[in-house]
Amino acid sequence: VEHYRYNLMRMIDIARSVDAKTILVRPASKLRDCSPFKSQHRKGLYGTDLNNWQTLFDSANKAYAAGRWNDALEAIDKALTIDDQYADLYYLYGRVLWQLGRYDQAKKAFVRAKDEDVCPLRALTTMENIILEVANRQDIPLVDFIALTEKYSEHATAGEDLFLDHVHPTIEGNRLL
């Protein structure tokens with residue numbers, strides 16, 4: 001993350017050294033319809049705890065598939081007390097909350113799934129915030145693509161409506177940008 005900040009500042013310095021105008025874009029990504037690329041358990045999770053977590057995760061997935069949202073939610077809540085770092089659990093959590101109409105909570109779970117992804121091909125929340133900070137400190141115009149996608153997405157949570165895959169916008173998404 002700090003290397004990201006360093007590179008961003010370096011690009012700005014290079015652009016300014018040749019009097020190029022700079023605009024930063026706060027990158028948005030698909031949250032609602034994009035599972036994490038790789039999940040990893042918290043350090044030290046093994047044995048009985050890992051087995052219990054896996055049983056709960058499997059139970060939550062089965063309940064979700066059967067449309068038993070409250071059963072899925074109960075299993076997820078228990079699994080989170082064992083391991084709160086497994087990205088795919090947060091994605092499932094978001095999907096369950098979405099089905100229950102708890103959209104704000106679902107969005108938070110989808111963001112957490114993105115941030116816990118150990119193969120982060122989407123910008124982490126800390127990176128998105130660095131862009132805001134740098135734009136403000138360096139007085140650089142900013143296109144807040146996250147705010148735009150939230151404005152035009154169902155329940156302010158970007159999905160297939162604006163993204164073809166994890167980060168590449170649809171034609172409509174590109175028009176917004």
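Here the structure is a predicted model, which is why all the values come from computation and not from measurement.
In this structure, OG1 in Thr126 is found 8.0 Å from CD in Glu128, a value given to the nearest 0.5 Å. Note that OH of Tyr6 and CG of Asp13 are 9.0 Å apart. Values are rounded to the nearest 0.5 Å. To the nearest 0.5 angstrom, Ser153 atom OG is 4.0 Å from Leu162 atom CG. The CG atom of Leu24 sits 4.5 Å away from atom CD1 of Ile140, with the distance rounded to the nearest 0.5 Å. For the atom pair CG of Asn61 and CD1 of Ile76, the computed distance is 7.5 Å after rounding to the nearest 0.5 Å. Once rounded to the nearest 0.5 Å, the distance linking OG1 of Thr149 with CG of Asp161 reads 9.0 Å.
Proximity of Gln85 to Gln40: side-chain heavy atoms (C-beta onward) are nowhere separated by under 4.5 Å. Between Gln54 and Asp58 the shortest side-chain heavy-atom distance falls below 4.5 Å. Side-chain atoms of Cys119 and Leu121, non-hydrogen and from C-beta on, do get closer than 4.5 Å to each other.
Grouping the Ile, Leu, Val, Met, Phe, Trp and Tyr side chains by contacts below 4.5 angstrom, directly or via other members, places Ile171 apart from Val143. No single ILVMFWY cluster, assembled from side-chain heavy atoms under 4.5 Å apart, contains both Ile146 and Leu132. Linking ILVMFWY residues whenever their side-chain heavy atoms come closer than 4.5 Å, directly or via other members, places Ile23 and Leu148 in the same cluster. Residue Val167 is not grouped with residue Leu124 when hydrophobic side chains (ILVMFWY) are merged at heavy-atom distances under 4.5 angstrom, including chains of intermediate members. Val25 and Leu142 end up in different hydrophobic clusters when Ile, Leu, Val, Met, Phe, Trp and Tyr side chains are linked at under 4.5 Å.
Not a single donor-acceptor pair under 3.5 Å links the side chain of Ser29 to the backbone N or O of Arg122.
Contacts of Tyr46 classified as side chain to side chain contact (heavy atoms under 4.5 Å, CB included), with partners at least two apart in sequence or in another chain: none. Under the ring pair (Phe, Tyr, Trp, His ring centres under 6.0 Å) criterion, Trp53 pairs with His41, Phe57, Tyr86, not counting sequence neighbours. Every residue meeting the side chain to side chain contact (heavy atoms under 4.5 Å, CB included) condition with Asn52, not counting sequence neighbours, appears here in chain and number order: Thr48, Ile82. Under the side chain to side chain donor-acceptor pair (under 3.5 Å) criterion, Gln99 pairs with no residue, sequence neighbours left out. Not counting sequence neighbours, the partners of Gln138 by the side chain to side chain donor-acceptor pair (under 3.5 Å) test are Arg16. Taking the side chain to side chain contact (heavy atoms under 4.5 Å, CB included) definition, one finds that Ala147 meets it with Asp144, sequence neighbours left out. Evaluation of the side chain to side chain donor-acceptor pair (under 3.5 Å) rule for Thr125 yields Asp115 as partners, not counting sequence neighbours. With sequence neighbours left out, the side chain to side chain donor-acceptor pair (under 3.5 Å) criterion links Asn7 to His3.
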Run the side chain to side chain contact (heavy atoms under 4.5 Å, CB included) test on Tyr103 and Arg32 for me, step by step, so that the C-alpha distance in whole Å, both residues' side-chain angles and the decisive distance to 0.1 Å come before the verdict.
CA-CA 10 Å; Tyr103 304 113; Arg32 182 171 17 102; over 6 Å; no
Start with the C-alpha gap between Asn174 and His168, add the side-chain angles, then the distance that decides, and say whether side chain to side chain contact (heavy atoms under 4.5 Å, CB included) holds.
CA-CA 9 Å; Asn174 275 303; His168 298 100; over 6 Å; no
Would Leu80 and Tyr90 satisfy side chain to side chain contact (heavy atoms under 4.5 Å, CB included), going step by step from the backbone distance to the final call?
CA-CA 9 Å; Leu80 284 169; Tyr90 282 102; 3.5 Å; yes
Could you please spell out the steps behind the side chain to side chain contact (heavy atoms under 4.5 Å, CB included) verdict for Thr157 and Trp98?
CA-CA 10 Å; Thr157 308; Trp98 192 270; 3.7 Å; yes
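In this structure, Tyr91 has its ring center closer than 6.0 angstrom to the ring center of Phe110.
Between Ala79 and Leu89, the shortest heavy-atom contact is CB-CD2, 3.8 Å. Considering every non-hydrogen atom in both Phe145 and Phe163, the closest pair reads CE2-CZ, 4.0 Å. When all heavy atoms of Pro169 and Leu164 are compared, the closest pair comes out as O-CD1, 3.6 Å. Nearest heavy atoms, Ala75 versus Leu56: CB-O, 3.6 Å. Between Ala60 and Ala72, the closest heavy-atom pair is O-CB, 3.6 Å. Heavy atoms only, all atoms of each residue included: Asp117 and Pro36 are closest at OD2-CA, 3.3 Å.
Applying the salt bridge (Lys or Arg N to Asp or Glu O under 4.0 Å) definition to pairs two or more places apart or across chains, those involving residues 59-87 are Arg68-Asp71, Glu74-Lys78. Residue pairs meeting the salt bridge (Lys or Arg N to Asp or Glu O under 4.0 Å) criterion with at least one partner in residues 164-174, sequence neighbours excluded, are Glu172-Arg175. Residue pairs meeting the salt bridge (Lys or Arg N to Asp or Glu O under 4.0 Å) criterion with at least one member in residues 99-113, sequence neighbours excluded, are Lys107-Glu150, Arg112-Glu116. Listed by first and then second residue, the salt bridge (Lys or Arg N to Asp or Glu O under 4.0 Å) pairs that reach into residues 36-48 come to none, sequence neighbours excluded.
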